[in-house]
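The block underneath contains the structure these notes are about, expressed in structure tokens.
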Amino acid sequence: MQQDTLWQAVLGEIELSVSRGNFITWFKNTALLRLDDSTVVIGVPNVFIKQQLERKYNDLIVTTLRKNDVTSPTIEYKIHSPLTHQKTEEPSDVLQPSSATSQESRHSNNTTLVAKPQASSLSHAYRQGLNEKYTFDNFIVGSGNELAYAACQAIAARPGTKYNPLFLYGGVGIGKTHLIQAVGNTVLMNKPDARVVYISSEQFLQEFVDALRFKKNTDFADFYRGADVLIVDDIQFIAGKEKVQEEFFHTFNALHQASKQIIISSDKPPRDIPTLEERLRSRFAWGMSIDMQNPDLETRCAILQTKAQTHGIALASDVTEYLATNVQTNIRELEGALNQLLAFCEMRGLEPNLGVASSLLGAAQTRPKHISARQIIERTARHFQVPMEDTMGPKRDKDIVVPRQVAMYMLRSELHLSFPKIARELGRKDHTTAIHSVEKIEKESRFDADIRSAITEIKDRLYA
Ligand code: ADP
Ligand code: MG
């Protein structure tokens with residue numbers, strides 16, 4: 001709780017020092033996950049945001065944390081799902097302390113809260129986990145997801161009557177969560193008092209364990225068995241966990257018998273989850289199983305265009321195609337690449353054109369983890385056609401100074417080395433030289449096309 005307040009304060013200050021677009025793109029869905037004397041762990045939604053925070057905003061974050069009396073020397077950025085995070089916070093204001101069990105709570109010295117079906121708070125309580133940003137309207141349909149989309153729409157229109165359960169499976173980042181959340185949101189839109197529960201199986205497991213520990217199993221069971229639509233995301237996480245699978249089995253039966261809708265997602269089909277209990281596997285086979293695939297190029301382009309539009313930008317078709325061709329893993333990464341491009345351009349006042357996209361993506365995509373400082377210095381020297389030893393030696397001629405400065409800049413941008421370390425790598429004693437060099441090249445690369453293309457070219461070679 002305190003952590004949350006602290007992080008809100010930090011974000012409040014950061015919001016004042018970056019543009020609105022950047023704030024929303026890079027900071028909005030972050031959270032403070034952990035804080036102690038040695039380490040601050042900041043939760044971020046994806047790898048692109050992680051990279052961006054590490055590279056561009058780390059100093060700002062450190063300074064702002066300091067202003068708020070956080071002086072832990074290490075900052076880590078960890079990928080986490082903001083949904084899961086929110087859910088752990090939410091129940092406190094939607095679940096009522098049960099008077100019947102308050103004595104017990106006191107004894108266990110714990111402020112356990114129990115779901116108590118109260119007319120006024122119930123529909124709110126059941127809303128937990130849904131995020132309104134996921135709708136059918138902003139989901140682009142194409143090969144790979146059209147079947148899943150059609151099934152989800154049918155279910156949203158008449159939950160519990162068709163395709164029950166619906167089992168959606170496919171790799172990460174291809175829109176499973178988006179679709180099943182859209183079902184929940186649509187059901188609620190049509191019928192605001194419907195009891196829609198969205199939960200990840202990890203969260204289900206956690207709540208189950210807590211319920212056992214605090215002897216609230218019946219409340220737990222009642223809560224889930226009282227749903228009209230139960231959406232369980234990423235079911236693979238309860239595989240192998242016997243007790244919770246059993247609980248889920250009973251929940252499943254109760255809901256199914258009452259013709260309540262069940263929607264399940266997973267990263268693979270039931271038959272490929274080895275530790276999934278047989279009886280659950282057979283239950284899942286009762287309804288409809290749909291495989292979701294990464295959409296084809298055309299669909300990926302359409303997704304990009306729509307996402308760019310929500311940022312108020314009409315993306316040129318060559319840029320769209322470039323991104324959609326080069327980021328083939330999944331939609332989440334595609335979206336991340338787009339956000340990165342847009343933020344990069346906004347920061348520098350550039351048009352998001354093909355050149356920027358390719359230099360940005362070329363560097364981010366194929367980045368192996370094992371580039372060494374030496375390789376960077378060597379590559380840079382070779383690019384400027386000067387001897388590597390000279391860049392590391394005492395000479396101060398202009399044709400040596402620039403390559404040296406670029407090498408320093410690259411050590412910072414690519415390896416995030418500290419300034420003293422950068423200075424040492426290039427044979428300097430004073431780390432302020434490194435600071436000045438990095439700043440100088442950073443500034444120059446904004447308006448000097450030669451420097452910019454030098455950097456791009458060196459990177460391309462490094463990561464080729
Ligand atoms: P999964 O649950 O399969 O890992 P998500 O549903 O979280 O994937 O999707 C990742 C991101 O990609 C989300 O931001 C989602 O909105 C977006 N996305 C995926 N597919 C589409 C699509 N067809 N149209 C629009 N956005 C999509
Ligand atoms: Mg998901």
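By convention here, the first residue in the shown sequence is residue 1. For ligands, and for the atoms within them, numbers begin at 1 and follow the listed sequence. Atoms considered below: every heavy atom in the structure, side chains included; atoms not considered: hydrogens, waters and symmetry mates.
Remark: minimum distance from atom 17 (C) of ligand 1 to any protein heavy atom is reached at E335 OE1, 3.4 Å. When hydrogens are left out, the protein atom nearest atom 4 (O) of ligand 1 is G173 N, 2.6 Å; that is the closest non-hydrogen contact. The nearest protein atom to atom 7 (O) of ligand 1, hydrogens excluded, is given as R332 NH2, 2.9 Å; this is a heavy-atom distance. The protein non-hydrogen atom at the shortest distance from atom 21 (C) of ligand 1 is F139 CE1, 3.6 Å. Nearest protein neighbour of atom 15 (C) of ligand 1, counting heavy atoms only, is H178 ND1, 3.4 Å. Looking only at protein heavy atoms, the nearest one to atom 25 (C) of ligand 1 is N138 O, 3.3 Å. Counting only heavy atoms of the protein, atom 19 (C) of ligand 1 lies nearest to I331 CG2, 3.3 Å. In terms of protein heavy-atom proximity, atom 2 (O) of ligand 1 is nearest to T177 OG1, 2.7 Å.
Contact annotation: for N145 versus ligand 1, heavy atoms closer than 4.0 Å belong to the side chain alone. Both the backbone and the side chain of I140 come within 4.0 Å of ligand 1, judged by heavy-atom distances.
Here the options are N138, D137, N131, the test is side chain to side chain donor-acceptor pair (under 3.5 Å), and the partner is T135; only N138 passes.
Under a 4.0 angstrom heavy-atom cut-off, K307 registers as being in contact with ligand 1. Ligand 1 lies nowhere less than 4.0 angstrom from a heavy atom belonging to Y149.
More than 12 non-hydrogen atoms from other residues, nucleotides or ligands lie less than 6.0 angstrom from CD of E13.
The backbone N or O of G170 sits less than 3.5 Å from a side-chain atom of K176, completing a donor-acceptor pair.
Summarising the geometry, atom NZ belonging to K191 is positioned 14.5 Å from atom OG1 belonging to T186; distances are rounded to the nearest 0.5 Å. From L360, atom CG reaches atom OH of Y322 across 9.0 Å, with rounding to the nearest 0.5 Å.
Between F284 and F167, the angle of the ring planes lies from 30° to 60°, which puts this pair in the tilted group. Note: F252 and H256 have parallel aromatic rings, judged against thresholds of 30 and 60 degrees for the angle between ring planes. Ring geometry, Y149 versus F136: the interplanar angle exceeds 60°, so the pair is classed perpendicular (tilted spans 30 to 60°).
R300 has no carboxylate O lying under 4.0 Å from a charged side-chain N of E321, or vice versa, which leaves the two without a salt bridge. The pair D219-K216 fails the salt-bridge criterion, with no side-chain N (NZ, NE, NH1 or NH2) lying under 4.0 Å from an Asp/Glu carboxylate O.
Shown in contact with Y134 at under 4.0 Å from a heavy atom are these atoms of ligand 1, numbered in order with element: 16 (O). Close contacts of ligand 1 with V172, meaning ligand atoms under 4.0 Å from a residue heavy atom, involve 4 (O).
Looking at I303 next to ligand 1, no N or O pair under 3.5 Å apart turns up.
Among the atoms of T177, an N, O or S atom falls under 2.8 Å from the Mg ion (ligand 2).
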